[in-house]
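Inspection log for the structure reproduced underneath, given as structure tokens.
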Amino acid sequence: MFQDTLVHESQYYELMLYPYLNIGGKDTTSVVMTIADITKSKLAEQQINIAAQVFESASEGIIITGSDHRIITVNAAFKKITGYSEVDIIGKMPNTLSSGQHDKKFYQEMWEAIEGTGEWQGEIWNRRKNGEVYPEWLSISILTNNDGSPNGYIGIFSDITKLVRAQKLIQQQANFDLLTQLPNRQLFFDRLQQAMIQAKRQNKLIGVMFIDLDGFKVINDSMGHSQGDIILQKIAERMTYVARESDTFARFGGDEFTCLIANMDSETDVIPLVEKLLQAIEVPITVNDIKLNITASIGISIYPNNGDDAETLIQHADNAMYKAKAEGRNSYQFFTAKMHEQVLNHYRMGNDIKIAVQHKKFQVYYQPVIELKSQKIIGAEALIRWDHPVKGFVSPEEFIPIAEDLNLISVIGEFVLEQACQFIANLNKDLPQPLHIAINFSNQQFLHEGCVENSLKIINASQVGSENVIVEITESLMISNKQQYIQQLDKLRENGIQIAMDDFGTGYSSLSYLKKLPLDILKIDRSFIRDILVDESDASLVETILDIADNFGLKVVAEGVEEAEHAEFLNKRGCLLAQGFYFSKPVPEEQFITIIKSGIQV
Ligand code: C2E
Ligand code: MG
Ligand code: MG
């Protein structure tokens, strides 16, 4: 017999040839040929082959069970992912793989879905043969017979360990601060919101702390940011150390941290933690062999007493933190309604200042500076004035700090400098002896780039003569002890400008900076002058300052001279210069011109 398969135009035929035997069984030379169309069965065979190849080479693990759930077959990827071989697994139940990470309910719902809709998909944690638990994305479908009756199940899964790991990392980065590993602002908000929902239900209180390190900026600037980072990490570690399970510390940004204290019965429940935290932070930190004493100021707000949304609570804790700073640092303050009022006022004032800056609504007043011996006016101090549309004149002591916060102080400072230099330059044209003009510079101004260059430009353009210009700085500039400031002052002095230390004696009173600083003048603060006639200690302090100034070769201006006797006392003790209401209050330009023209003698 002869048999062969023929292919013609995508059709398969089976050809068979066999000899024709006659009835007697004798051989003949005839043959019988049959041709059958076997296309259908040929194609079915091919499909089975393809399916088998797909099954074996798929990158997903495939597991097929009978309707009794026992495993019938698995593919190569299954073996690779799980570590089980056919011998290990065939005939077993799929729960051989289960990790114990899911509860009964999970599997119950899964099977309900499969029986109900014919399929289920989801993330499931299984266990490899070596014991390792891993996540997989699994889809299970029912296999059916031709008549639709269930025949078994097929599970197809991929190992998503890498994906889950990446997701975790992304989540970590989105919710945690990379430097300190503490929750970040976003996660803190979420937790606070969750805690509020729970507190409302259980009638509990929540404490929110706003923690700011004292003077950290100075440390960061002087020691460098990488050292600053180490300090922040150490502080964060201490926070984690004092925290109880229900407390969440978070890094809010820069040197600001927050803490959430959940489940409180009384406002005072927060105190033990705050005090423990302050103590923990206070312990000196050694960085690069330098022992640093770091402290923090903490503000506290309480839910629901001080607000019922996360932003308000944090804002109020922040306000209270500022109060703690103002009260002398290394301490804590609870938020009060009065603080809220102050903050609101601060905010409104800030908006008004912005408008005033835009429309140049400021004026400059001039207070004469007198040579005590001759009682002649030798110069003036320029003092800014702001006539607020509703409040009337607002003290510069009130609005300058706000302008500093808003980064508007340089614009304002340059405005005053320009006005004052031009005014005095014009006035000096008609005077035999030119007047000096003293301008107050805020510390913040020096932080702005080009501060000195811009100031020199303004001074030169006015033609007042830089030798007639005095820049007044305050002692607080010195705490940071920054070389950068000193360089700027040096540059001003190289250009002939004199430097005066304003309000001398009120600040840090460290005499060491007198040596380091390029100074020409000391201005004794008016609080010491006020009582020199009645308070002996003030009198001797002023005398000491005069001596020190003499030693350092500095001129002295006494501020706040309100009475003839003050002037007399100071003159007798060798003080050269003075200013104060006794001679004249600060006055507008026209009035100052009148004073000067009326013969200079006061
Ligand atoms: P300061 O530089 O120490 O100015 C002296 C302050 O004492 C002025 O207050 C002045 O009016 C006041 N004063 C003068 N003589 C007497 C007196 O005999 N008795 C009393 N009780 N007070 C007297 P003012 O003008 O309110 O300025 C307050 C502070 O605001 C200034 O203190 C200065 O630090 C700051 N300031 C004023 N103008 C400017 C400015 O243009 N720029 C900057 N950055 N600060 C300014
Ligand atoms: Mg001044
Ligand atoms: Mg002063």
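First listed ligand is number 1; within each ligand, the first listed atom is number 1.
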Consider ligand 1: state whether an atom of it lies below 4.0 angstrom from any non-hydrogen atom of K523.
no
Using heavy-atom distances, let me know which of S584, P396, S442, S410 sits nearest atom 30 (O) of ligand 1.
P396
Closer than 4.0 angstrom: is that true for some heavy atom of K585 and an atom of ligand 1?
no
Please determine if V416 has a nitrogen or oxygen closer than 3.5 Å to a nitrogen or oxygen of ligand 1.
no
Would you say Y582 and ligand 1 have an N/O pair spaced under 3.5 Å apart?
no
D503 contact mode with ligand 1 (heavy-atom cut-off under 4.0 Å):
side chain
In a table with atom names and distances, give each donor-acceptor pair under 3.5 Å that connects a side chain of residues 250-259 to protein atoms at least two apart or in another chain.
{"from": "R251", "atom 1": "NE", "to": "G254", "atom 2": "O", "distance (Å)": "3.0"}
{"from": "R251", "atom 1": "NH1", "to": "D177", "atom 2": "OD1", "distance (Å)": "3.1"}
{"from": "R251", "atom 1": "NH1", "to": "D177", "atom 2": "OD2", "distance (Å)": "3.1"}
{"from": "R251", "atom 1": "NH2", "to": "G254", "atom 2": "O", "distance (Å)": "3.1"}

Using the side-chain contact (heavy atoms from CB on, under 4.5 Å) definition, which of the options D525, L514, I548, L519 pairs with F504?
L514
Check whether any heavy atom of G413 sits under 4.0 Å from an atom of ligand 1.
no
Measure the shortest side-chain to side-chain distance between I230 and Q227 over non-hydrogen atoms and say whether it is less than 4.5 angstrom.
yes
Of all the heavy atoms in Q579, does at least one lie under 4.0 Å from an atom in ligand 1?
no
Here the atoms of ligand 1 under 4.0 Å from any heavy atom belonging to G580 are 15 (N), 18 (O)
Side chains of residues 278-291: which donor-acceptor pairs under 3.5 Å do they make with residues two or more places apart or in other chains?
{"from": "E282", "atom 1": "OE2", "to": "N330", "atom 2": "ND2", "distance (Å)": "2.9"}

Angle subtended at the Mg ion (ligand 2) by N440 OD1 and D502 OD2, rounded to 10 degrees
90°
Are a donor atom and an acceptor atom from the side chains of K555 and Q498 found within less than 3.5 Å of each other?
yes
N/O of S395 under 3.5 Å from N/O of ligand 1, yes or no?
no
Are D214 and T295 close enough that a side-chain donor and a side-chain acceptor fall under 3.5 Å?
yes
Work out which heavy atom in M321 is nearest to a heavy atom in S297; give both atom names and the distance.
CG-O, 3.4 Å
Does the side chain of Q444 pick up a donor-acceptor pair with the side chain of E404 at under 3.5 Å?
no
Do any nitrogen or oxygen atoms of I400 lie less than 3.5 angstrom from nitrogen or oxygen atoms of ligand 1?
no
Below 2.8 Å, can you find an N, O or S atom of D503 next to the Mg ion (ligand 2)?
no
Within the stated cut-off of 2.8 Å, is an N/O/S atom of E381 closer than that to the Mg ion (ligand 2)?
yes
